[in-house]
Amino acid sequence: MNFQILDADYFREEDRPVVRLFGRSDDGKSVCCLVPGFEPYFYLSASGDLQKLGQTIKDRFDVVKDIEVVERFEPIGYQETKQPMLKVTTFDPRNVPEIRDEVAEMLGGGKVYETDILFRNRFLIDKGFKGMGWVSAETDTDVSKGDLLCDHVMRSSELTEVDRIANAPLKYMAFDIECLPHDGGMPTPDVSPIIMVSFSFEPAYKGHSTIVLVKKEVEGVDDDVEMFTEEADLLNRFFEIITEYDPDVITGYNINDFDVPYIVDRVKTLNESGGGIRSVVGRDSRQLSYRKIISRTMVSIPGRVVVDALPLIRQQFSLKRYTLRNVSKELLDREKLDVAPADMEEHWNDSGEKIRKFIDYARRDSELALELLLKLKLLDKYIALSRVSGVLLQDTVSGGQTNMVEHILMTEFGKQGRVMSTKPDDETSAFRRKQNENLKGGAVLEPEKGLHENVIVLDYKSLYPTIMMAHNLCYTTVVKPGTYPEEDIIRSPSKGEFVKPDIFKGVVPSVLEHLLDQRISTKQLMKKASDEGEYRVLDATQLALKILLNSFYGYSGYARARLYSLQMANSVTSIGRGNIARTEDIVCNKIGRIILRDNVAYLTDEVSDSREDDKVVKLSVAYGDTDSVFVHCRNDCDEEFAEGEFSLEDSALVGRKVASIVTASLPDPMELEFEAAAKRVLLIAKKRYAQWIFEPTNDGWEDQIKVKGLETVRRDWCELTSKMLNRVLELVLKEGDIDGSVRHVRELVDRVRNLDVQKDADIVEDLVLTKSFSKSPSSYKNKQPHLTVVENIQRRTGVRPAIGERIPFVITAGKGLFVDRAEDPEYVREHNITLDVDYYIQKQMLPPVERILGVFGVDVATLNHDSKQKGLFDFDRSPEEKVETVRRTCRGTEASAQQADQKTQSSLFDF
DNA sequence: TGGACATCCTAA
DNA sequence: TTAGTTAGGATGTCCA
């Protein structure tokens, strides 16, 4: 029988570990396969007589089953030969952590390896099985199900990997609980009962796509509402439904931090007074539990995957708030039904419309959670990451990149006879963090500030991974500087030394090569994919490969990594910095000019003659960051091309020519790529710019305004700023309409200045700022506006928003520091408090727009318009003033001076 | 008043 | 068992 691996763990059978693989078969049955015979082990290296040491260890620890002398490489550093080590096999997986410290003490200068590898991962790695991968098992062994809650239980030591792309028909379930708090505050599990639970199912459960359990008799409800008088009965039914439905994926919104811990604690409270609740939710008889690990709750359910939609959405979408209400509205365009916490008690006690509304509200919440997971395809990426990295789905969903990188490297290390380091202790990590002060990053070129036309965007494809591949940078190739002959090493600008690949090909470069090859072939398959499901899986796969490719550099400089090499990390970035500098030099000096003739791009020395219709394109680098360069194309006289003289196709010809020249100068597989052509680019500062960009598609070009770093993409600015700036950027980039921009800003400023709360309700909405409440209030050294609001809310409601939440606030009118005048928008609305319009004009509107329009000589005085104060800065200025504006612009940057000289650009300053 | 520092959030 | 990296801009507080 074939099944897809969802989860894995082990149990003890007559004092021997038996691995359990949980999964779902292609015909939709849940499966548990018991695999006996796999043994836990670890390694140690020491000087002296290993045979003798082995005997000593075996005599001392009776949990040691076997000791063997083997040959292995150490994890870090190039080594010419393997060295003898001891492989210690124990009876039980838990013996390994039990004895590792004592064993380590016996070694003196020696070390232990792989003593902290979870047994299930050890099994997956050694056997070559992958999370969400397919395996085939013999089913002929008859096995009693015992406490296992699966359709099929089997036992097999002979499992084989199966090559299959499609996923099994998985079952998804979302749930959400409602509690009855004391008096509008936060419910606490010791006193506040769970009064409702809602479920949503995909596929449906006994014909129901949702079910609501209610601790109350209610009349006139649908048949998918089940009613209980006892909370314990309701909860027992909750667990019964889960085990009966037998979902593979359990989801919900904020379930890890709220619903699951609440249920667990509530069950405990009820059982203390004889509730008799058995909270079995997994595929074995263990009861529901959670673990708190420093402000973070981890939930795992045997045989299933727990997916809290909240952290996934946080990670994947940049939103101002992550309440279920806001997320549904922004991402699903669906409204959350609402019963305010303060009104819950009233709704609950009602026996008519209100209680039915409350039930619908509860139902909608689990519906939304499931919809988020399925419609936004949140899980696709994680399933692909599991299949590519081999890590179990639960671990890709709730873990970080470290998990996956280490799993991949450990698999490869195992194959090459190399042992893996243990995780560093706190002291080591702290030391490494200190060392990391010497880790330098990418280079950011000083932008040629101002507005430019005809800019080509070139970027390096997977820069850091290709640097590691091209230069054989690896933990396994790094050597102490000066210890190997020049001809055998590659030296980075940061003075890191690595043996050449013909001496030893690094594990990381090989792994990256494999990942890159897979990505290329996956993209090929995507072009041929016929059905949508297959395309979706392939697309997620190539994305997962990209994520993994880009994880290795960060991992190499991560203080808590099993493998850490400052020398390697620094070499990657130093080569990167050298590379972008060299690229700039090639583009500006070595190439300098491109000749366009008959739709072909030539270097100046590739043409011997000069023709009438040649188009000479002069190149300069206007900006660059880490792996990209913006190449400004101008005519031979250093001026912008006249309207229509330089087409997108010309951009592409030049861009591809330049990219190929640069690529040819680089070691394989480093590659500079033509990414897009920008008609206009506005460079404000490093990491802050806007482009009107045209990306090549199969049949032509796709244009958009792309904004990086400016206030429109920052969540700590209000919507008013974003909207105003977006309009200004569009006018400037697409129309070159400075005049219109100024008019637009003046209009908005005037509206805000004379804000009518009734009439301009839409603007009031747009004045809300948000900031992330990122740490405990006591560790803030300065006052912060959102902290003021957090304190206000806590004082009024007794509930403090959770750390990590984004806090909305507005600035109210009054005297003193602005932080003290930050207030909860909700509270302001209810109490009709006046906002500080001056703050919004002076701090939110004018500075960002001045940074943009200042490029064209527009100053704050021009923008700061007040219709009630006629005369002074009236928009229809005198001719003399207009001249002054243009002159100021000309005096500005060199670029804008050049633009001002041109006829085509004069309209920009005609206001 | 002005510079150091804290804080936030983004680019890559 | 449980958190990839540095570079950099902008704002506002704190304190000399």
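Just so it is clear, the structure is predicted and the values come from calculations on it, not from any experiment. Protein chains get the first letters and strands the later ones, always in sequence-line order, with residue 1 at the start of each.
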By the 4.0 Å heavy-atom rule, please label [X] as base, sugar-phosphate, or nothing.
{"X": "A/Tyr839", "answer": "sugar-phosphate"}
{"X": "A/Arg851", "answer": "sugar-phosphate"}
{"X": "A/Gly554", "answer": "base"}
{"X": "A/Leu817", "answer": "sugar-phosphate"}
{"X": "A/Ile293", "answer": "base"}
{"X": "A/Tyr464", "answer": "nothing"}

Among all residues two or more places apart in sequence or in another chain, which pass the side-chain hydrogen bond (donor to acceptor under 3.5 Å, both in side chains) test with [X]?
{"X": "A/Arg94", "result": "none"}
{"X": "A/Arg821", "result": "A/Asp836"}
{"X": "A/Thr115", "result": "none"}

Which stems, defined as runs of 3 or more consecutive Watson-Crick or G-U wobble pairs with both pairing distances under 3.5 Å, involve DNA chain C?
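Output for stems: B:1-12 with C:5-16.
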Heavy atom of residues 842-850 of chain A under 4.0 Å from DNA chain C: which residues?
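DNA chain C contact set from residues 842-850 of chain A: A/Lys843, A/Pro847.
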Among residues 301-322 of chain A, which residues get a heavy atom nearer than 4.0 Å to DNA chain C?
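Correct list: empty, so none.
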If only side-chain N and O atoms of A/Tyr689 are considered, is one of them under 4.0 Å from the OP1 or OP2 phosphate oxygen of B/dA12?
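Yes.
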For A/Tyr689, enumerate each residue passing the ring pair (Phe, Tyr, Trp, His ring centres under 6.0 Å) test, keeping only those at least two apart in sequence or located in another chain.
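Ring pair (Phe, Tyr, Trp, His ring centres under 6.0 Å) list for A/Tyr689, sorted by chain: A/Tyr623, A/Phe630.
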Can you sort out the partners of A/Phe38 under ring pair (Phe, Tyr, Trp, His ring centres under 6.0 Å), two or more places apart, ordered by chain and number?
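Partners of A/Phe38 under the ring pair (Phe, Tyr, Trp, His ring centres under 6.0 Å) test: A/Phe119, A/Phe123.
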Do nucleotides 2-9 of chain B as a string where each nucleotide becomes B, S or -: B if the base has a protein heavy atom under 4.0 Å, S if just the sugar-phosphate does, - if no protein is that close.
----SSBB
Distance under 6.0 Å and angle within 45° of ring axis: A/Arg122 vs A/Phe42:
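Relative to the ring axis of A/Phe42, which defines the angle, A/Arg122 lies outside at least one limit.
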Do any side-chain atoms of residues 301-310 of chain A form donor-acceptor pairs under 3.5 angstrom with protein atoms, and if so which ones, sequence neighbours left out?
{"from": "A/Arg304", "atom 1": "NE", "to": "A/Val281", "atom 2": "O", "distance (Å)": "2.7"}
{"from": "A/Arg304", "atom 1": "NH1", "to": "A/Asp246", "atom 2": "OD1", "distance (Å)": "2.6"}
{"from": "A/Arg304", "atom 1": "NH1", "to": "A/Pro247", "atom 2": "O", "distance (Å)": "2.7"}
{"from": "A/Arg304", "atom 1": "NH2", "to": "A/Val281", "atom 2": "O", "distance (Å)": "3.2"}
{"from": "A/Arg304", "atom 1": "NH2", "to": "A/Gly282", "atom 2": "O", "distance (Å)": "3.4"}
{"from": "A/Asp308", "atom 1": "OD1", "to": "A/Asn254", "atom 2": "N", "distance (Å)": "2.7"}
{"from": "A/Asp308", "atom 1": "OD1", "to": "A/Leu310", "atom 2": "N", "distance (Å)": "3.1"}
{"from": "A/Asp308", "atom 1": "OD2", "to": "A/Ile255", "atom 2": "N", "distance (Å)": "3.1"}
{"from": "A/Asp308", "atom 1": "OD2", "to": "A/Asn256", "atom 2": "N", "distance (Å)": "3.0"}

So does A/Ile467 get a backbone contact from the side chain of A/His471, meaning a donor-acceptor N/O pair under 3.5 Å?
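Yes, the answer is positive, given that a donor and an acceptor are paired below the 3.5 Å cut-off.
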Quick one: side chain to side chain contact (heavy atoms under 4.5 Å, CB included) partners of A/Lys292, sequence neighbours excluded?
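A/Lys292 satisfies side chain to side chain contact (heavy atoms under 4.5 Å, CB included) with A/Tyr290, A/Thr297 only.
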Nucleotides bounding contact with chain A, strand DNA chain C, heavy-atom threshold 4.0 Å:
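Result: C/dT1 to C/dC14.
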Do you know the tightest heavy-atom contact between A/Lys775 and A/Tyr780?
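Looks like O-CE1, 3.4 Å.
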